[in-house]
There are 2 protein chains.
Amino acid sequence: MVLSDRKKKILQIIIEDYIATAEPVGSRTIARKYDLGISPAIIRNEMSDLELLGFLEQPHTSAGRIPSAQAYRYYVDSMIEPGALTDNDRALIDGWFHERVRSIDDIFQSTAKILSRMTKNVSLVMANRATSSAFSYMRFLPLDSHHDILCIIADDGHVDHCVVEIPLGMEQEEMDYLATRISNKLHGLHLNQIGSGTLEDLHDDVANDKMLFASLLRAIRQIGLSHQEQKMFLGGTKQIFNQPEFKDVNRIKELLSVLEEEKMLKDMLQAGEDSGLRITIGGENKFSGIQDCSMIQATYRLNGQVVGTMAVLGPTRMEYGKVISVMDYLHKYLTTIFNKEQELK
Amino acid sequence: MVLSDRKKKILQIIIEDYIATAEPVGSRTIARKYDLGISPAIIRNEMSDLELLGFLEQPHTSAGRIPSAQAYRYYVDSMIEPGALTDNDRALIDGWFHERVRSIDDIFQSTAKILSRMTKNVSLVMANRATSSAFSYMRFLPLDSHHDILCIIADDGHVDHCVVEIPLGMEQEEMDYLATRISNKLHGLHLNQIGSGTLEDLHDDVANDKMLFASLLRAIRQIGLSHQEQKMFLGGTKQIFNQPEFKDVNRIKELLSVLEEEKMLKDMLQAGEDSGLRITIGGENKFSGIQDCSMIQATYRLNGQVVGTMAVLGPTRMEYGKVISVMDYLHKYLTTIFNKEQELK
DNA sequence: GTTAGCACTCTGTTTAGTAGAGTGCTAACA
DNA sequence: TGTTAGCACTCTACTAAACAGAGTGCTAAC
């Protein structure tokens with residue numbers, strides 16, 4: 001669709017004014033606030049055209065106009081310029097990132113926190129563990145006379161552990177030997193590849209004790225499962241209280257219900273993993289409950305593999321430019337961190 | 001304070017009706033709903049007396065009356081009977097508890113969830129790790145050519161781990177030897193007893209490598225710290241949306257702000273650890289922001305040591321009886337679990 | 001001590017009226 | 001043909017008045 005420069009300018013003003021104020025924008029307001037050199041009347045005419053073209057909507061006859069989903073789409077596709085972060089913002093992010101980063105999970109958690117704080121919206125960060133870590137080896141650590149701790153070490157430094165019962169009469173040396181044999185079998189397998197099939201093979205090795213075998217099977221499978229599941233980090237669910245769109249308690253309840261459906265969130269984020277940056281506006285979103293929301297999502301990869309996905313979810317009236325530049329900055333940050341992690345090996 | 005039986009009865013009806021409906025209770029309503037065999041007029045007189053005595057309050061002249069904080073206090077002190085849970089409730093709790101319990105943290109998390117679901121209020125569960133676990137031993141597990149994973153095993157089966165850098169030229173055997181020596185030094189110490197003082201002693205043993213020493217020191221101290229801190233589990237922050245007291249967004253915001261102050265929550269719960277069951281009503285609470293809320297708190301111990309604390313936080317209009325019986329049931333449940341844990345050793 | 005009756009008070013809701021903001025249309029102007 | 005000024009019209013948000021409903025307190029009678 002081709003719009004005259006003047007229409008484009010007016011549309012942009014309306015969108016940005018509405019994003020900033022959350023109030024419908026009227027022709028006189030535009031003429032007063034922005035020096036376009038044209039009268040309110042002509043702005044009215046242009047606005048009327050833009051409404052016919054589907055870019056604007058009127059809440060009621062005598063309110064100003066608000067951008068339609070189509071307008072936001074046009075805005076992000078052909079008007080927005082990435083725009084760098086201010087030094088202040090960048091300093092804030094750097095500060096928050098260095099606050100406390102001990103494990104990989106901490107990194108994701110920090111990312112979620114920063115994302116929500118910077119954008120004043122809900123943030124979602126999904127860590128795709130399955131593809132990022134492989135089984136390295138396992139080890140039994142003695143706990144007490146009847147129990148060992150089974151530690152499973154992944155090649156990315158992730159450690160999982162659980163308590164297992166030692167079969168009666170079994171010596172610690174035998175347990176260690178067992179760990180070595182199982183480790184050899186599973187070494188290098190991605191954790192989500194460890195299914196019941198892989199474990200059946202082990203049966204012969206451990207056949208001398210059915211009970212131990214059963215509990216090991218359960219433990220390894222459970223750990224495998226917990227790695228298959230992507231892990232989800234949420235941030236800023238409190239931020240939305242400040243958005244005028246959510247001044248109604250019921251709307252908040254609705255959104256929070258959606259955010260509790262972890263399964264759905266994962267599907268949602270996974271659906272957008274192909275493209276680097278995905279912006280879903282209003283009704284474009286297939287999932288009910290957030291169809292008057294927009295989502296901006298970015299995927300980060302390492303060697304072509306999807307490592308994780310981050311997203312910002314908020315009202316369609318969202319600071320698209322700001323969100324994108326924050327994500328961009330975080331993206332670079334994370335890529336650096338993950339690359340460094342890998343170089344260390 | 002001595003009240004006539006009739007006054008007592010009327011007060012109880014008002015409290016329980018208000019708890020159930022959240023609406024001020026009027027004399028006619030009482031006469032209609034409850035068959036007391038007396039007319040509204042006499043109920044009015046009694047209510048007038050009760051107001052003078054400080055048990056009732058009038059939101060305005062022509063509304064009914066609502067219980068004062070003093071009334072709730074009287075109610076929980078001398079009217080309430082513990083009351084057993086319904087079979088249905090008990091079955092629900094049992095079911096939720098068996099859903100997924102893998103680690104100690106899971107138990108606390110489940111407790112929080114159950115508590116909030118059963119009481120429709122916010123629940124807080126504080127796990128007092130410091131007193132419940134002692135250092136057992138540590139071990140280095142190889143990760144890659146430059147890094148080991150330091151595992152610290154506590155006697156209750158808790159495992160902490162972090163990545164440490166291997167000093168240039170140091171062999172794995174030396175690392176193992178080091179682990180043994182440090183383990184011997186720290187064995188049996190409660191994790192919160194491991195301060196910088198304890199670690200200074202180690203210096204001689206590890207003096208041959210300053211860098212490793214520094215990073216070990218940091219790791220152990222950090223793990224010690226994370227154990228010193230009690231861990232807090234929250235449940236049901238979404239439940240409060242259904243309480244009429246929180247139909248105002250600002251009140252929700254206020255409460256959520258309080259719940260974010262983890263430090264304050266810990267102080268709050270710790271303050272009530274002495275008594276077995278503590279009920280704090282309205283203004284009795286010292287902490288601002290929740291002075292129109294009530295809190296019911298129970299502490300569970302093992303061999304005299306405080307293992308944890310659970311609490312329900314909600315509007316003063318709270319189902320005190322129900323909350324207490326749920327807590328009672330959970331208390332027994334947890335005691336059984338913890339005792340079994342200990343027997344195993 | 002208990003009850004019925006009644007005037008009084010306060011809230012929440014409905015109704016009417018008004019100011020404010022914005023639009024759409026028309027006619028005039030460059 | 002594009003632009004502007006003027007004006008009638010529409011819709012909302014706010015305010016004030018009116019009114020029904022619920023509850024109380026008081027008095028007088030049982």
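Chain identifiers are assigned alphabetically (A, B, ...) following the order of the sequence lines, protein sequences preceding nucleic acid strands; residue numbering begins at 1 within each chain.
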Using purine N1 to pyrimidine N3 plus N6-O4 or O6-N4 for Watson-Crick, or N1-O2 and O6-N3 for G-U wobble, each under 3.5 Å, what pairs with [N]?
N	value
C:dC8	D:dG23
C:dT18	D:dA13
D:dA29	C:dT2

Measure [atom1]/[X] against [atom2]/[N] and give the value in whole Å, please.
X	N	atom1	atom2	value
B:Arg28	D:dT24	CZ	C1'	12 Å
A:Leu50	C:dG24	CG	P	12 Å
A:Asn45	C:dG24	CG	P	9 Å
A:Asp49	C:dT23	CG	C1'	14 Å
B:Leu36	C:dT2	CG	P	12 Å
B:Ile14	D:dT24	CD1	P	9 Å
A:Ile30	C:dT23	CD1	P	8 Å
B:Met47	D:dG23	CE	P	9 Å

Side chain of [X] only, please: which of [options] is the nearest?
X	options	value
B:Ser62	C:dC25, C:dG22, C:dC10	C:dC10
A:Ser27	D:dT24, D:dG23, C:dT23	C:dT23
B:Thr61	C:dT9, C:dT23, D:dC11	C:dT9
B:His60	C:dC10, C:dT3, D:dG25	C:dC10
B:Ser48	C:dA4, C:dG22, D:dG25	D:dG25
A:Arg65	D:dT4, C:dG24, D:dG25	C:dG24

Side chains of [X] and [Y]: closer than 4.5 Å at any heavy-atom pair?
X	Y	result
A:Gln270	A:Thr309	no
B:Glu16	B:Tyr75	yes
A:Met268	A:Met264	yes

Subject >> Closest-nucleotide ordering on DNA chain C, the 5'-leading residue of B:Arg6 and A:Gly64 >> reply: B:Arg6
Original post:
Would you say B:Asp5 has more than 12 foreign heavy atoms packed within less than 6.0 Å of its CG?
Top reply: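 Atom CG in B:Asp5 is not crowded, with 12 or fewer foreign heavy atoms closer than 6.0 Å.
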**OP:** Would you state whether a donor and an acceptor, one from the side chain of A:Arg44 and one from the base of C:dG24, lie under 3.5 Å apart?
**Re:** yes
Subject >> Ion pair check, A:Asp267 and A:Lys263, cut-off under 4.0 Å >> reply: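 Counted as a salt bridge, because a side-chain N and a carboxylate O are separated by less than 4.0 Å.
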